[in-house]
Amino acid sequence: MLSINLIREKKEFIIERLKVKNFKAEEILERILVLDSSRREIQLKTDSMQASMNSISKEIGTLMRDGKKNEADAAKEKTYSLKEEIKSLSDKLIPIDNDLKNELIRLPNLPHESVPQGYGADDNVKVREGGILPLLPETALPHWDLIKNYDIIDFELGIKLTGAGFPVYKGKGAKLQRALINFFLDEGEKAGYREIMPPILVNEDSGFGTGQLPDKEGQMYHATLDNFYLIPTAEVPVTNIYRDVIVNADSLPIKNIAYTPCFRREAGSWGAHVRGLNRLHQFDKVEIVQIVHPDSSYKSLEEMVSHVEGLVSKLELPYRILRLCGGDMSFTSALTYDFEVWSAAQKRWLEVSSVSNFESFQSNRLKCRFKEKTDKQTRLVHTLNGSALALPRIVAAILENNQTETGIKVPEVLIPYTGFEIIN
RNA sequence: GGAGAGAUGGCAGAGUGGUCGAAUGCGGCGGUCUCGAAAACCGUUGUUCGCUUUACAGUGGACCGGGGGUUCGAAUCCCCCUCUCUCCGCCA
């Protein structure tokens, strides 16, 4: 959510910036400014009426105590009409406030100045790449065949237990999952992140806090009996820790890391291109979240990008980093880098991480602030998050890229975690 | 799931219709004293929406779990909701 002050002061600037995201802001901004000024106008009136109401009431109290009952009754007369006016004015304010809020949450975050204009994936800018593309023989198999051959991930069994998109990991497949999770968490800890193990069901307030509600309601599984939502990412609980809090300036930057399973209904997005591990309803992910001082959020973003880059290179996966164009960025982000790894048998790049700076867009909605030390002002923090990393596509790439005639080689760094060197 | 108790400022904890944005203690911040520190003493101490403004200044409104009601006036009375605690039941 953009702050109302920014909208009042820099309307033209907002319109220009949102063009990069192909968003036409003129009309919404116009409506917001009208609502905002009538809101303030009404409030000014009610505040002054309320003030005279308060002083009359105080007067009545004094008169009653002094036993001047007649004078008190006369004063009471004066309040009746005031009271009605206040009531009717504040009734008017309620729909205005609601409309204002509804308009405000429809405005996307402003893209950072380095975000390229564009409409889709083709317009993203490659920042850099790393690793070596493996040369596989013609007989190389895609991961959905490999997992069957080695009996490590079972989709059919998942269908029996739950449904499509809920795989069962077996034997070395399960151990590989556990190894990756622990590897990611350990690397995070080395980089200064504190581990969090949050609930994987959250309430409505948390859904609103990070913006999944009200818009993306259909993307989350909903436990209706208790009105809880299964988290689509650890970002939801871990970021909501800071909902409605004023953090101590000294504690910034706050760096949290969490492993959770993630649940996504992916309504309407199923198709042939999402075979195997490419898209699931339940998957595992390690997420990093930072709460930082506004002055240093872009430094933190770069730090997070190099952290994720470290992970993929340690796993010896060929990767590339993209700076997303305005059209491909999320609603809430100011700047996003996507990580893709090369899936050698599918011959495609697979997105495995998305690292974003939300600046104060998310914290304004969350009401997460800190007290500036220099001028004692309460200000919004900046929030950032990124996957470090999402498992399924990493697994797909490892399986495909490392296949040999005798089995699948486990990346060096994972061997201490798996306890085996080859899947066969 | 059943019964009872409760929800007040960063924390603890008073307050049962007007002088209460709220006693007191702790903590925090500033000062006196000190070579320095501790102790003691003095002062200060929340959030939020407006208005006036150069303003870290002045001023008005709102905020005692959330929402509604009674009243000239509500932290205090009434209703609904949420949450917490204790006991019982169930249970990894």
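Proteins get letters first, then strands, A, B, ... in listed order; numbering begins at 1 in each. Owing to the predicted nature of the structure, the values given are computational and were not obtained by experimental measurement.
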Measuring from atom CD1 of A:Ile394 to atom CG of A:Leu277, what distance do you get when rounded to the nearest 0.5 angstrom?
11.5 Å
Output the rounded distance in Å from CD (A:Gln377) to C1' (B:A57).
12 Å
Just the rounded figure in Å: distance from C1' of B:C63 to CD1 of A:Ile246.
14 Å
Could you state the CG-P distance from A:Asp250 to B:G10, rounded to the nearest angstrom?
18 Å
Opposite nucleotide pairing with B:U84, Watson-Crick or G-U, both atom distances under 3.5 Å:
B:A5
Determine the contact category for A:Lys367: base if any of its heavy atoms lies under 4.0 Å from a base atom, sugar-phosphate if only primed atoms, P, OP1 or OP2 are that close, otherwise nothing.
nothing
If only atom types and distance count, is the side chain of A:Asn401 paired as donor or acceptor with the main-chain N or O of A:Leu317 below 3.5 Å?
no
Minimal heavy-atom distance between A:Gln117 and A:Lys19, with the atoms involved, is OE1-O, 3.4 Å
Decide side-chain contact (heavy atoms from CB on, under 4.5 Å) for A:Phe183 and A:Leu315; before the verdict, give the C-alpha distance in whole Å, the side-chain angles of both, and the deciding distance to 0.1 Å.
CA-CA 10 Å; A:Phe183 169 65; A:Leu315 290 172; 3.9 Å; yes
What are the two closest non-hydrogen atoms of A:Leu380 and A:Phe370, and how far apart are they?
O-CE2, 3.6 Å
State whether the side chain of A:Lys21 and the backbone N or O of A:Ser330 hold a donor-acceptor pair below 3.5 Å, judged by distance alone.
yes
Could you state the interatomic distance from CG (A:Leu335) to CG (A:Asn357), rounded to the nearest 0.5 Å?
7.0 Å
Between residues 29-45 of chain A and RNA chain B, which residues have a heavy-atom gap below 4.0 Å?
A:Arg39, A:Arg40, A:Gln43, A:Leu44
Do nucleotides 64-77 of chain B as a string where each nucleotide becomes B, S or -: B if the base has a protein heavy atom under 4.0 Å, S if just the sugar-phosphate does, - if no protein is that close.
-------BBS----
Counting any heavy atom closer than 4.0 Å, what does A:Asp73 reach on the DNA or RNA strands: base, sugar-phosphate only, or nothing?
nothing
When all nucleic acid strands are considered with a 4.0 Å heavy-atom cut-off, which category describes A:Ala75: base, sugar-phosphate, or nothing?
nothing
Among residues 221-230 of chain A, which residues get a heavy atom nearer than 4.0 Å to RNA chain B?
none
